[in-house]
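One structure is given here, and the rest of the page talks about it.
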Amino acid sequence: MNLSRLIRPLFSTVIVGIAIDHKTCNVATHFYKSGRLISSQRKEFRTSPGELPMQAVRFIQKIRAKNPFTYTSVLPCSIIQGVLSTDKESEFKNFGVNCSEITYKRFDNNWSVFIANEGIAETKKRFLKLGADFIISPFLLLYRLAKDTFQENCKLYVLFQHSNITMLITKKNCGALFGGYYVLESEIDAELAVVRNSLSEDVDDIQQEDITKDLQEELSDIEEVDLNNDANDEKLIEMLKGDSEDDGIKLHTETENNEDLDDFSRVNTTAKFIQSALNEFYSNPLYNSEFISEIVIFNPHNIRQETLQQIEQITMLEISIFNCDIAQELANLGYDSYEVFESRGEV
(Lines give C-alpha, C1' and ligand atoms only; values in the text may rest on other atoms or scores of the structure.)
Protein backbone atom coordinates (compact mmCIF):
# COMPACT_ATOMS: atom_id res chain seq x y z
CA MET A 1 0.00 0.00 0.00
CA ASN A 2 1.44 3.39 -0.96
CA LEU A 3 1.82 6.35 1.38
CA SER A 4 -1.18 8.28 0.06
CA ARG A 5 -3.45 5.32 0.85
CA LEU A 6 -2.11 5.21 4.41
CA ILE A 7 -2.60 8.91 5.19
CA ARG A 8 -5.84 9.47 3.25
CA PRO A 9 -8.14 8.67 6.25
CA LEU A 10 -6.42 11.45 8.19
CA PHE A 11 -7.51 14.17 5.75
CA SER A 12 -10.73 15.40 4.23
CA THR A 13 -11.42 15.03 0.53
CA VAL A 14 -11.97 18.54 -0.81
CA ILE A 15 -13.73 19.38 -4.08
CA VAL A 16 -13.44 22.97 -5.31
CA GLY A 17 -15.97 24.13 -7.90
CA ILE A 18 -14.64 27.11 -9.90
CA ALA A 19 -17.06 29.07 -12.11
CA ILE A 20 -15.56 31.91 -14.16
CA ASP A 21 -18.14 33.97 -16.01
CA HIS A 22 -17.33 37.38 -17.50
CA LYS A 23 -15.88 39.49 -14.65
CA THR A 24 -16.80 37.15 -11.79
CA CYS A 25 -15.10 34.07 -10.38
CA ASN A 26 -17.17 32.05 -7.88
CA VAL A 27 -15.50 29.35 -5.80
CA ALA A 28 -17.44 26.70 -3.84
CA THR A 29 -15.45 24.40 -1.57
CA HIS A 30 -16.91 21.13 -0.23
CA PHE A 31 -15.20 19.09 2.49
CA TYR A 32 -15.98 15.35 2.69
CA LYS A 33 -15.10 12.78 5.33
CA SER A 34 -16.06 9.09 5.02
CA GLY A 35 -18.29 9.91 2.05
CA ARG A 36 -20.26 12.61 3.90
CA LEU A 37 -20.29 16.35 3.26
CA ILE A 38 -19.10 17.84 6.56
CA SER A 39 -18.76 21.52 5.60
CA SER A 40 -18.72 23.94 2.70
CA GLN A 41 -17.78 27.52 1.97
CA ARG A 42 -18.21 29.96 -0.89
CA LYS A 43 -16.15 32.94 -2.10
CA GLU A 44 -16.55 35.41 -4.93
CA PHE A 45 -13.73 37.26 -6.69
CA ARG A 46 -13.75 40.01 -9.30
CA THR A 47 -11.54 39.45 -12.32
CA SER A 48 -10.79 40.46 -15.88
CA PRO A 49 -13.23 38.84 -18.32
CA GLY A 50 -12.64 35.10 -18.51
CA GLU A 51 -9.46 35.05 -16.40
CA LEU A 52 -8.67 33.05 -13.26
CA PRO A 53 -7.84 35.72 -10.62
CA MET A 54 -4.70 35.38 -8.51
CA GLN A 55 -6.76 35.95 -5.32
CA ALA A 56 -8.70 32.78 -6.11
CA VAL A 57 -5.48 30.88 -6.86
CA ARG A 58 -3.98 31.88 -3.49
CA PHE A 59 -7.22 31.04 -1.68
CA ILE A 60 -7.35 27.52 -3.14
CA GLN A 61 -3.62 26.95 -2.65
CA LYS A 62 -4.05 27.69 1.07
CA ILE A 63 -6.81 25.07 1.23
CA ARG A 64 -4.64 22.56 -0.62
CA ALA A 65 -1.68 23.20 1.74
CA LYS A 66 -3.80 21.93 4.65
CA ASN A 67 -5.75 19.34 2.62
CA PRO A 68 -3.52 17.46 0.17
CA PHE A 69 -6.48 15.57 -1.33
CA THR A 70 -8.00 18.66 -2.94
CA TYR A 71 -9.45 18.49 -6.48
CA THR A 72 -10.78 21.19 -8.79
CA SER A 73 -13.96 20.94 -10.85
CA VAL A 74 -14.38 23.40 -13.75
CA LEU A 75 -16.30 24.11 -16.94
CA PRO A 76 -14.46 23.72 -20.29
CA CYS A 77 -13.10 26.67 -22.24
CA SER A 78 -14.28 25.76 -25.72
CA ILE A 79 -16.85 26.89 -28.22
CA ILE A 80 -16.64 23.46 -29.87
CA GLN A 81 -18.75 21.32 -27.57
CA GLY A 82 -22.24 19.92 -27.71
CA VAL A 83 -24.80 17.17 -27.29
CA LEU A 84 -25.44 14.20 -29.57
CA SER A 85 -28.76 12.39 -29.46
CA THR A 86 -26.97 9.05 -29.83
CA ASP A 87 -24.39 7.00 -27.93
CA LYS A 88 -23.11 5.16 -31.00
CA GLU A 89 -19.71 6.30 -32.29
CA SER A 90 -20.64 5.23 -35.81
CA GLU A 91 -23.42 7.84 -35.82
CA PHE A 92 -21.30 10.78 -34.58
CA LYS A 93 -20.27 11.59 -38.15
CA ASN A 94 -23.92 12.27 -39.01
CA PHE A 95 -23.65 15.31 -36.75
CA GLY A 96 -20.37 16.42 -38.32
CA VAL A 97 -18.32 15.22 -35.35
CA ASN A 98 -14.98 13.43 -35.79
CA CYS A 99 -14.35 11.04 -32.89
CA SER A 100 -10.58 11.48 -33.14
CA GLU A 101 -10.89 15.23 -32.48
CA ILE A 102 -13.11 15.14 -29.40
CA THR A 103 -13.40 13.81 -25.88
CA TYR A 104 -16.85 12.44 -25.17
CA LYS A 105 -18.95 10.70 -22.55
CA ARG A 106 -21.97 8.50 -23.22
CA PHE A 107 -25.03 8.20 -20.98
CA ASP A 108 -28.09 6.03 -20.55
CA ASN A 109 -31.08 6.85 -22.76
CA ASN A 110 -28.80 7.00 -25.83
CA TRP A 111 -27.15 10.40 -25.66
CA SER A 112 -23.63 11.81 -25.38
CA VAL A 113 -21.77 15.04 -24.64
CA PHE A 114 -18.50 16.01 -26.32
CA ILE A 115 -15.76 18.64 -26.09
CA ALA A 116 -13.06 19.31 -28.66
CA ASN A 117 -9.62 18.06 -27.61
CA GLU A 118 -8.29 21.56 -28.25
CA GLY A 119 -10.88 22.84 -25.77
CA ILE A 120 -9.63 20.39 -23.14
CA ALA A 121 -6.06 21.64 -23.71
CA GLU A 122 -7.23 25.27 -23.52
CA THR A 123 -9.04 24.57 -20.24
CA LYS A 124 -5.96 22.94 -18.69
CA LYS A 125 -3.91 25.96 -19.77
CA ARG A 126 -6.34 28.40 -18.12
CA PHE A 127 -6.20 26.50 -14.83
CA LEU A 128 -2.49 25.68 -15.08
CA LYS A 129 -1.71 27.24 -11.67
CA LEU A 130 -4.25 24.97 -9.94
CA GLY A 131 -4.88 22.07 -12.28
CA ALA A 132 -8.23 21.06 -13.77
CA ASP A 133 -8.98 17.66 -12.23
CA PHE A 134 -12.61 17.31 -13.37
CA ILE A 135 -13.75 19.11 -16.54
CA ILE A 136 -17.55 19.11 -16.47
CA SER A 137 -19.65 19.64 -19.60
CA PRO A 138 -22.14 22.51 -19.21
CA PHE A 139 -24.74 20.18 -20.73
CA LEU A 140 -24.22 17.70 -17.92
CA LEU A 141 -24.51 20.54 -15.40
CA LEU A 142 -27.73 21.77 -17.04
CA TYR A 143 -29.15 18.22 -17.15
CA ARG A 144 -28.53 17.89 -13.40
CA LEU A 145 -30.24 21.22 -12.71
CA ALA A 146 -33.20 20.27 -14.90
CA LYS A 147 -33.84 16.67 -13.90
CA ASP A 148 -36.31 17.49 -11.12
CA THR A 149 -38.53 19.33 -13.61
CA PHE A 150 -38.70 16.64 -16.31
CA GLN A 151 -42.19 15.80 -17.54
CA GLU A 152 -43.73 13.74 -20.34
CA ASN A 153 -43.69 16.72 -22.69
CA CYS A 154 -40.58 18.34 -24.18
CA LYS A 155 -39.08 21.45 -22.63
CA LEU A 156 -36.20 23.70 -23.66
CA TYR A 157 -33.77 24.28 -20.79
CA VAL A 158 -31.42 27.26 -20.81
CA LEU A 159 -28.41 27.93 -18.57
CA PHE A 160 -28.15 31.72 -18.92
CA GLN A 161 -24.63 32.86 -18.09
CA HIS A 162 -23.10 36.25 -18.85
CA SER A 163 -20.52 34.93 -21.30
CA ASN A 164 -22.51 32.15 -22.93
CA ILE A 165 -25.74 30.17 -22.91
CA THR A 166 -26.25 26.41 -22.91
CA MET A 167 -29.49 24.92 -24.27
CA LEU A 168 -30.89 21.43 -23.83
CA ILE A 169 -34.14 19.92 -25.12
CA THR A 170 -35.34 16.84 -23.26
CA LYS A 171 -38.18 15.18 -21.42
CA LYS A 172 -38.69 12.47 -18.81
CA ASN A 173 -36.84 9.18 -19.45
CA CYS A 174 -35.58 10.38 -22.80
CA GLY A 175 -32.03 11.68 -22.42
CA ALA A 176 -31.03 14.72 -24.47
CA LEU A 177 -32.85 15.28 -27.76
CA PHE A 178 -30.96 18.43 -28.76
CA GLY A 179 -28.29 20.73 -27.37
CA GLY A 180 -26.65 23.99 -28.29
CA TYR A 181 -23.82 26.13 -26.88
CA TYR A 182 -23.72 29.81 -27.86
CA VAL A 183 -21.19 32.51 -27.01
CA LEU A 184 -22.83 35.77 -25.96
CA GLU A 185 -19.86 37.99 -25.16
CA SER A 186 -18.79 39.12 -28.64
CA GLU A 187 -22.38 39.61 -29.78
CA ILE A 188 -23.27 41.67 -26.71
CA ASP A 189 -20.12 43.81 -26.77
CA ALA A 190 -20.79 44.75 -30.39
CA GLU A 191 -24.41 45.72 -29.68
CA LEU A 192 -23.56 47.68 -26.54
CA ALA A 193 -20.78 49.57 -28.31
CA VAL A 194 -23.25 50.84 -30.91
CA VAL A 195 -25.85 51.84 -28.31
CA ARG A 196 -23.38 53.51 -25.96
CA ASN A 197 -21.66 55.41 -28.77
CA SER A 198 -25.04 56.70 -29.92
CA LEU A 199 -26.00 57.75 -26.41
CA SER A 200 -22.59 59.35 -25.86
CA GLU A 201 -22.90 61.44 -29.03
CA ASP A 202 -26.34 62.68 -28.00
CA VAL A 203 -25.13 63.60 -24.52
CA ASP A 204 -22.03 65.38 -25.89
CA ASP A 205 -24.20 67.54 -28.17
CA ILE A 206 -26.48 68.51 -25.30
CA GLN A 207 -23.58 69.25 -22.95
CA GLN A 208 -21.83 71.46 -25.52
CA GLU A 209 -24.96 73.57 -25.89
CA ASP A 210 -25.76 73.90 -22.19
CA ILE A 211 -22.40 73.88 -20.39
CA THR A 212 -21.93 77.67 -20.32
CA LYS A 213 -25.54 78.29 -19.31
CA ASP A 214 -25.44 75.65 -16.55
CA LEU A 215 -22.18 76.97 -15.14
CA GLN A 216 -23.52 80.53 -14.93
CA GLU A 217 -26.71 79.35 -13.23
CA GLU A 218 -24.78 77.29 -10.65
CA LEU A 219 -22.46 80.20 -9.85
CA SER A 220 -25.39 82.56 -9.41
CA ASP A 221 -27.00 80.14 -6.93
CA ILE A 222 -23.96 80.17 -4.59
CA GLU A 223 -24.48 82.66 -1.81
CA GLU A 224 -21.66 85.03 -0.88
CA VAL A 225 -19.47 83.38 1.76
CA ASP A 226 -17.79 85.39 4.51
CA LEU A 227 -14.28 83.90 4.78
CA ASN A 228 -13.87 85.33 8.27
CA ASN A 229 -16.95 83.52 9.60
CA ASP A 230 -16.35 79.95 10.89
CA ALA A 231 -20.07 79.20 10.79
CA ASN A 232 -20.06 79.80 7.06
CA ASP A 233 -17.15 77.34 6.73
CA GLU A 234 -19.41 74.63 8.11
CA LYS A 235 -22.16 75.73 5.75
CA LEU A 236 -19.76 75.48 2.82
CA ILE A 237 -18.63 72.00 3.90
CA GLU A 238 -22.25 70.83 4.14
CA MET A 239 -23.00 72.29 0.72
CA LEU A 240 -19.99 70.51 -0.87
CA LYS A 241 -20.87 67.31 0.99
CA GLY A 242 -24.35 67.46 -0.46
CA ASP A 243 -22.91 67.86 -3.96
CA SER A 244 -20.66 64.85 -3.36
CA GLU A 245 -23.57 62.71 -2.21
CA ASP A 246 -25.56 63.75 -5.27
CA ASP A 247 -22.64 62.71 -7.49
CA GLY A 248 -22.52 59.35 -5.72
CA ILE A 249 -26.21 58.80 -6.38
CA LYS A 250 -25.75 59.74 -10.03
CA LEU A 251 -22.81 57.32 -10.36
CA HIS A 252 -24.78 54.49 -8.73
CA THR A 253 -27.76 55.17 -10.99
CA GLU A 254 -25.51 55.23 -14.07
CA THR A 255 -24.00 51.85 -13.07
CA GLU A 256 -27.46 50.35 -12.60
CA ASN A 257 -28.59 51.71 -15.95
CA ASN A 258 -25.53 50.19 -17.67
CA GLU A 259 -26.24 46.83 -16.02
CA ASP A 260 -29.88 46.99 -17.12
CA LEU A 261 -28.78 47.81 -20.68
CA ASP A 262 -26.29 44.95 -20.59
CA ASP A 263 -28.92 42.48 -19.31
CA PHE A 264 -31.46 43.66 -21.88
CA SER A 265 -28.94 43.14 -24.70
CA ARG A 266 -28.08 39.65 -23.44
CA VAL A 267 -31.74 38.69 -23.21
CA ASN A 268 -32.45 40.03 -26.69
CA THR A 269 -29.52 38.11 -28.18
CA THR A 270 -30.46 34.97 -26.23
CA ALA A 271 -34.00 35.11 -27.62
CA LYS A 272 -32.55 35.14 -31.15
CA PHE A 273 -30.38 32.11 -30.36
CA ILE A 274 -33.39 30.30 -28.89
CA GLN A 275 -35.41 30.90 -32.04
CA SER A 276 -32.50 29.66 -34.16
CA ALA A 277 -32.14 26.51 -32.00
CA LEU A 278 -35.86 25.76 -32.20
CA ASN A 279 -35.81 26.14 -35.98
CA GLU A 280 -32.89 23.70 -36.18
CA PHE A 281 -34.61 21.22 -33.87
CA TYR A 282 -37.89 21.30 -35.81
CA SER A 283 -36.43 21.27 -39.34
CA ASN A 284 -33.39 18.95 -39.13
CA PRO A 285 -34.30 15.29 -39.77
CA LEU A 286 -31.47 14.19 -37.45
CA TYR A 287 -33.66 15.08 -34.48
CA ASN A 288 -36.87 13.36 -33.46
CA SER A 289 -38.52 16.69 -32.86
CA GLU A 290 -41.58 17.26 -30.75
CA PHE A 291 -43.47 20.41 -29.87
CA ILE A 292 -41.75 22.50 -27.18
CA SER A 293 -44.30 23.55 -24.59
CA GLU A 294 -42.12 25.57 -22.22
CA ILE A 295 -38.75 27.24 -21.73
CA VAL A 296 -37.04 26.78 -18.36
CA ILE A 297 -34.29 29.31 -17.61
CA PHE A 298 -31.65 28.78 -14.92
CA ASN A 299 -30.46 32.22 -13.86
CA PRO A 300 -27.17 32.15 -11.90
CA HIS A 301 -26.70 35.93 -11.86
CA ASN A 302 -30.10 36.97 -10.49
CA ILE A 303 -31.01 38.97 -13.57
CA ARG A 304 -34.42 40.50 -12.94
CA GLN A 305 -37.34 38.27 -13.86
CA GLU A 306 -39.01 41.21 -15.61
CA THR A 307 -36.03 41.38 -17.96
CA LEU A 308 -36.01 37.63 -18.63
CA GLN A 309 -39.74 37.69 -19.35
CA GLN A 310 -38.88 39.47 -22.60
CA ILE A 311 -37.86 36.05 -23.95
CA GLU A 312 -41.45 34.93 -23.41
CA GLN A 313 -42.72 37.89 -25.42
CA ILE A 314 -40.34 37.20 -28.31
CA THR A 315 -40.68 33.40 -28.49
CA MET A 316 -44.38 33.25 -27.52
CA LEU A 317 -43.59 30.31 -25.21
CA GLU A 318 -44.29 30.03 -21.51
CA ILE A 319 -41.22 30.62 -19.33
CA SER A 320 -40.24 29.37 -15.88
CA ILE A 321 -37.21 30.89 -14.11
CA PHE A 322 -35.04 29.32 -11.40
CA ASN A 323 -31.98 30.65 -9.58
CA CYS A 324 -28.91 28.41 -9.42
CA ASP A 325 -25.32 28.38 -8.18
CA ILE A 326 -22.94 27.03 -10.82
CA ALA A 327 -19.91 26.78 -8.53
CA GLN A 328 -21.91 24.68 -6.04
CA GLU A 329 -23.16 22.40 -8.80
CA LEU A 330 -19.62 21.98 -10.14
CA ALA A 331 -18.47 20.95 -6.66
CA ASN A 332 -21.31 18.40 -6.47
CA LEU A 333 -20.57 16.98 -9.93
CA GLY A 334 -16.87 17.00 -9.14
CA TYR A 335 -17.48 14.73 -6.15
CA ASP A 336 -19.55 12.39 -8.32
CA SER A 337 -16.58 12.17 -10.70
CA TYR A 338 -14.19 11.66 -7.79
CA GLU A 339 -16.22 8.67 -6.58
CA VAL A 340 -16.03 7.08 -10.04
CA PHE A 341 -12.25 7.48 -10.19
CA GLU A 342 -11.86 6.33 -6.58
CA SER A 343 -13.75 3.13 -7.34
CA ARG A 344 -11.19 2.43 -10.07
CA GLY A 345 -8.29 3.24 -7.76
CA GLU A 346 -7.29 6.18 -9.95
CA VAL A 347 -7.23 8.93 -7.27
Closest heavy-atom pair and its distance - [X], [Y]:
{"X": "Ile136", "Y": "Leu330", "answer": "CB-CD2, 3.8 Å"}
{"X": "Cys77", "Y": "Thr123", "answer": "N-OG1, 2.7 Å"}
{"X": "Arg64", "Y": "Thr70", "answer": "NH2-O, 3.5 Å"}
{"X": "Asn173", "Y": "Asn109", "answer": "O-OD1, 3.9 Å"}
{"X": "Ala116", "Y": "Ser78", "answer": "CB-OG, 4.2 Å"}
{"X": "Ser163", "Y": "Arg266", "answer": "N-NH1, 4.3 Å"}

Student check: side-chain heavy atoms of [X] and [Y] closer than 4.5 Å:
{"X": "Phe322", "Y": "Ile297", "answer": "no"}
{"X": "Ile169", "Y": "Tyr157", "answer": "no"}
{"X": "Val27", "Y": "Phe45", "answer": "yes"}
{"X": "Lys124", "Y": "Leu128", "answer": "no"}
{"X": "Ile102", "Y": "Ile115", "answer": "no"}
{"X": "Asp87", "Y": "Ser112", "answer": "yes"}
{"X": "Arg46", "Y": "Gln55", "answer": "no"}
{"X": "Lys129", "Y": "Met54", "answer": "yes"}

key: Test log, rule side chain to side chain donor-acceptor pair (under 3.5 Å), inputs Gln328 and His30   = CA-CA 8 Å; Gln328 296 283 5; His30 291 186; 2.6 Å; yes
Look at the side chain of [X] and the backbone N and O of [Y], then say whether any donor-acceptor pair between them is shorter than 3.5 Å.
{"X": "Thr47", "Y": "Lys23", "value": "no"}
{"X": "Asn279", "Y": "Gln275", "value": "yes"}
{"X": "Ser276", "Y": "Lys272", "value": "no"}

Please tell me whether [X] and [Y] form a close aromatic pair, meaning their ring centres lie under 6.0 Å apart.
{"X": "Phe139", "Y": "Trp111", "answer": "no"}
{"X": "Tyr335", "Y": "Tyr32", "answer": "yes"}
{"X": "Phe31", "Y": "Phe11", "answer": "no"}
{"X": "Tyr282", "Y": "Phe178", "answer": "no"}

message = Set out, in order, the CA-CA distance, both residues' side-chain angles and the distance that settles side chain to side chain donor-acceptor pair (under 3.5 Å) for Thr86 and Asn110, then state yes or no.
response = CA-CA 5 Å; Thr86 180; Asn110 305 318; over 6 Å; no
Working to the nearest 0.5 angstrom, can you tell me the gap between [X] [atom1] and [Y] [atom2]?
{"X": "Ile321", "Y": "Leu308", "atom1": "CD1", "atom2": "CG", "result": "4.5 Å"}
{"X": "Asn323", "Y": "Phe298", "atom1": "CG", "atom2": "CZ", "result": "10.5 Å"}
{"X": "Ile314", "Y": "Ile319", "atom1": "CD1", "atom2": "CD1", "result": "9.0 Å"}
{"X": "Glu122", "Y": "Asn117", "atom1": "CD", "atom2": "CG", "result": "12.5 Å"}
{"X": "Ile165", "Y": "Leu184", "atom1": "CD1", "atom2": "CG", "result": "5.0 Å"}
{"X": "Gln310", "Y": "Thr315", "atom1": "CD", "atom2": "OG1", "result": "11.5 Å"}

ask   = Would the number of heavy atoms belonging to other residues, nucleotides or ligands and lying under 6.0 Å from CD of Glu118 be above 12?
value = no
ask   = Heavy-atom count around Asn98 CG within 6.0 Å, excluding the residue itself: above 12?
value = yes
Side chains of [X] and [Y]: donor-acceptor distance under 3.5 Å anywhere?
{"X": "Tyr181", "Y": "Asn164", "value": "yes"}
{"X": "His301", "Y": "Asp21", "value": "yes"}
{"X": "Thr307", "Y": "Asp263", "value": "no"}
{"X": "Ser12", "Y": "Asn67", "value": "no"}
{"X": "Thr166", "Y": "Tyr182", "value": "no"}
{"X": "Gln161", "Y": "His22", "value": "no"}

Verify same cluster id: [X], [Y] (apolar side-chain graph, 4.5 Å):
{"X": "Ile295", "Y": "Phe273", "result": "yes"}
{"X": "Phe107", "Y": "Phe150", "result": "yes"}
{"X": "Leu333", "Y": "Val340", "result": "no"}
{"X": "Leu159", "Y": "Ile79", "result": "yes"}
{"X": "Ile38", "Y": "Ile15", "result": "no"}

Member of Val74, Thr72, Val347 meeting the side-chain contact (heavy atoms from CB on, under 4.5 Å) criterion with Asp133 = Thr72
request  = Report yes or no: is the cationic atom of Arg8 (NZ for Lys, CZ for Arg) closer than 6.0 Å to the six-membered ring centre of Phe69, at no more than 45° off its axis?
outcome  = yes
remark   = The complete set of salt bridge (Lys or Arg N to Asp or Glu O under 4.0 Å) pairs with one or both residues in residues 320-331, sequence neighbours excluded, reads Arg42-Asp325, Arg144-Glu329
inquiry  = According to salt bridge (Lys or Arg N to Asp or Glu O under 4.0 Å), does anything in residues 154-183 pair up with another residue at least two apart or in another chain? List the pairs.
reply    = Lys155-Glu294, Lys171-Glu290
task = Assess whether side chain to side chain contact (heavy atoms under 4.5 Å, CB included) is satisfied between Leu177 and Asn288, documenting all intermediate values.
result = CA-CA 7 Å; Leu177 301 176; Asn288 296 319; 5.5 Å; no
request  = Would you sort out whether Val158 and Val296 count as a side chain to side chain contact (heavy atoms under 4.5 Å, CB included), showing the intermediate values?
outcome  = CA-CA 6 Å; Val158 180; Val296 179; over 6 Å; no
query = Ile20 and Asn26: side chain to side chain contact (heavy atoms under 4.5 Å, CB included), yes or no, with the steps?
reply = CA-CA 6 Å; Ile20 301 173; Asn26 289 306; over 6 Å; no
task = Using the six-membered ring wherever Trp is involved, compare the ring planes of Phe134 and Tyr71 and label them parallel, tilted or perpendicular (cut-offs 30° and 60°).
result = tilted
inquiry  = Let's go through Thr29 and Ser40 carefully: what are the C-alpha distance in whole Å and the side-chain angles of both, what is the deciding distance for side chain to side chain contact (heavy atoms under 4.5 Å, CB included) to 0.1 Å, and is it a yes or a no?
reply    = CA-CA 5 Å; Thr29 310; Ser40 63; over 6 Å; no
